[in-house]
2 protein chains.
Amino acid sequence: MGEGVEWALHCCVNLALAEPGPAVPAARLAGYYDLPPVYFNKQLQALARAGIVESLPGPRGGFRLARPPERITLMDVVAAIEGPEPAFRCAEIRRRGPGATAPAGDPAPCLIDEAMRSAEVAWRSALAARTVADIAGSVRDRTPGVPDRLRRWLAAPRA
Amino acid sequence: MGEGVEWALHCCVNLALAEPGPAVPAARLAGYYDLPPVYFNKQLQALARAGIVESLPGPRGGFRLARPPERITLMDVVAAIEGPEPAFRCAEIRRRGPGATAPAGDPAPCLIDEAMRSAEVAWRSALAARTVADIAGSVRDRTPGVPDRLRRWLAAPRA
DNA sequence: GCACATTTACTCGGATACTATATGTCCGAGTTCAAACGG
DNA sequence: CCGTTTGAACTCGGACATATAGTATCCGAGTAAATGTGC
């Protein structure tokens, strides 16, 4: 799985912790964890295309959550970065070669594909059950100093 | 996810359907679905290293299941091909840069990593609940012609 | 006819190229703000 | 003193290289069987 997934998740949680407040530039968000700023911007663009964050150009511009964090699940973020298609894609190899089963109107589904999809549904459901707001709330509860430090650092004129 | 996973899963089911019987060469197994024979052999080597299949060299050689199919879960096969490490690996980026939390003895776990691992456990559990014998049994039950055709084709002197 | 050495054919196994995806970087389009200018 | 114009700085956004992992292939080591030979 891509490394940018972790970046995007932390980013969304940080944006949730920063609310309410002005938009945050990508470079500032990246500098908080010493990430490559421009490539991180690329991931943010993917989040924007998915409608998770919105971008404001120009000075005082940057990124902001497009929805309240209660409406953003971890699954949404992962799908925005990694792509919506499932990790396991059945190529229907059983239809090829001498062992090909009934060619066209075969109603028997591929049992392996079925099992794989079932497992992936379990994964997706687990991720869809956790929202960005849940994570942010737990962070506020367990380590109250972290959100304050984050807001101060984001508000700092320059680093 | 790698394409070889699908190949390995179908291969294990076919080996289960072929039992009892002589060992099957990799090329024969690959030809059944018109797969690249040599690369498919590579995947079989991975299965052998994981102890799922055993290889016999020389004439009359080939591959055979190393355990009864009831003891082989889909998770075992996937882990053998894709590797045992989890798909999402937390790089602990929160420890880096100005936003670094308490450096060393920080007991607070990364909540994002926790959620991701939880979801991945759900995925692994779903795959571990299905065995190769289950799939093979369903195939025998739903499409009785398929196992017979497979055994005949594997026993054919040459194709 | 039988035992043995030899040859042969067949198998896996690891080492070696090629391709697609993910990672990292660069420069241009657009927008807002601030300052300078003129009335 | 106020409105307008002009400029500049800052932002995102897509287009362009590089590194890594997955895909595909080749050739050599090893083994069992079959064959030919001598007794």
Side-chain angles (χ1 to χ4, degrees), chain A residues 1-8 11 15 22-31 33-66 78 80-85 87-89 91 93 154 157-159, chain B residues 1-8 11 15 22-31 33-66 78 80-85 87-89 91 93 154 157-159:
Chain A
M1 179 169 299
E3 188 179 8
V5 173
E6 184 180 3
W7 303 356
C11 168
L15 282 178
V24 184
R28 181 64 57 101
L29 233 49
Y33 291 132
D34 266 344
L35 303 177
V38 197
Y39 184 41
F40 182 68
N41 186 15
K42 195 181 182 63
Q43 315 286 1
L44 283 171
Q45 289 178 29
L47 290 177
R49 271 190 291 271
I52 294 175
V53 302
E54 59 183 4
S55 65
L56 285 74
R60 305 272 179 170
F63 288 91
R64 193 183 309 178
L65 291 182
V78 172
I81 302 295
E82 206 69 5
E85 58 272 0
F88 178 85
R89 49 180 172 64
I93 62 172
L154 290 179
R158 258 177 199 293
Chain B
M1 181 169 299
E3 188 178 6
V5 173
E6 185 180 3
W7 303 356
C11 167
L15 283 178
V24 184
R28 181 63 57 102
L29 233 50
Y33 291 132
D34 265 344
L35 304 176
V38 196
Y39 183 40
F40 182 68
N41 186 15
K42 193 182 182 63
Q43 315 285 0
L44 282 171
Q45 289 178 28
L47 290 178
R49 271 191 290 270
I52 295 175
V53 302
E54 59 183 3
S55 66
L56 284 73
R60 306 270 179 170
F63 288 91
R64 192 184 309 179
L65 291 182
V78 172
I81 301 295
E82 205 69 7
E85 57 272 0
F88 177 85
R89 49 178 172 64
I93 63 172
L154 290 179
R158 261 183 194 291

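Chain A is the first sequence line, chain B the second, and so forth, proteins listed ahead of strands; every chain is numbered from 1. Hydrogens, waters and symmetry mates play no part in the numbers below; they use all other heavy atoms, side chains included.
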Options D:dA24, D:dA9, D:dT31, nucleotide nearest the side-chain atoms of B:Pro59: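 Looking only at heavy atoms from C-beta outward on B:Pro59, the closest nucleotide is D:dT31.
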Hey, which sits more toward the 5' end of DNA chain D by its nearest nucleotide, B:Glu82 or A:Arg60?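 Comparing both residues, the 5'-ward one is A:Arg60.
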Does [X] have any side chain to side chain contact (heavy atoms under 4.5 Å, CB included) partners at least two apart in sequence or in another chain, and if so, which?
| X | result |
| --- | --- |
| B:Leu56 | B:Glu54, B:Arg64 |
| A:Ala48 | A:Val53 |
| B:Ala27 | none |

Is there side-chain contact between A:Leu154 and A:Leu29, with heavy atoms separated by less than 4.5 Å?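 Yes, side chains in contact.
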Reading 5' to 3' through nucleotides 12-17 of chain C, protein heavy-atom contacts under 4.0 Å coded B for base, S for sugar-phosphate only, - for none: SBB---
Please tabulate, one pair per line, all N/O donor-acceptor pairs under 3.5 Å involving side-chain atoms of residues 36-44 of chain B, not counting sequence neighbours.
| residue | atom | partner | partner atom | Å |
| --- | --- | --- | --- | --- |
| B:Tyr39 | OH | B:Gln43 | NE2 | 3.2 |

Expressed in angstrom and rounded to an integer, what is the separation of A:Glu54 atom CD from D:dT11 atom P?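 So the CD-P distance, A:Glu54 to D:dT11, works out to 17 Å.
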Between P of D:dG22 and CZ of B:Phe40, the distance in whole Å: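 Value for this atom pair: 18 Å.
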Under 3.5 Å, which protein N or O atoms sit close to an N or O of nucleotides 19-21 of chain C? Give each pair with its distance.
none

Should A:Tyr39 be listed as having a side-chain N or O under 4.0 Å from OP1 or OP2 of C:dT25?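 No.
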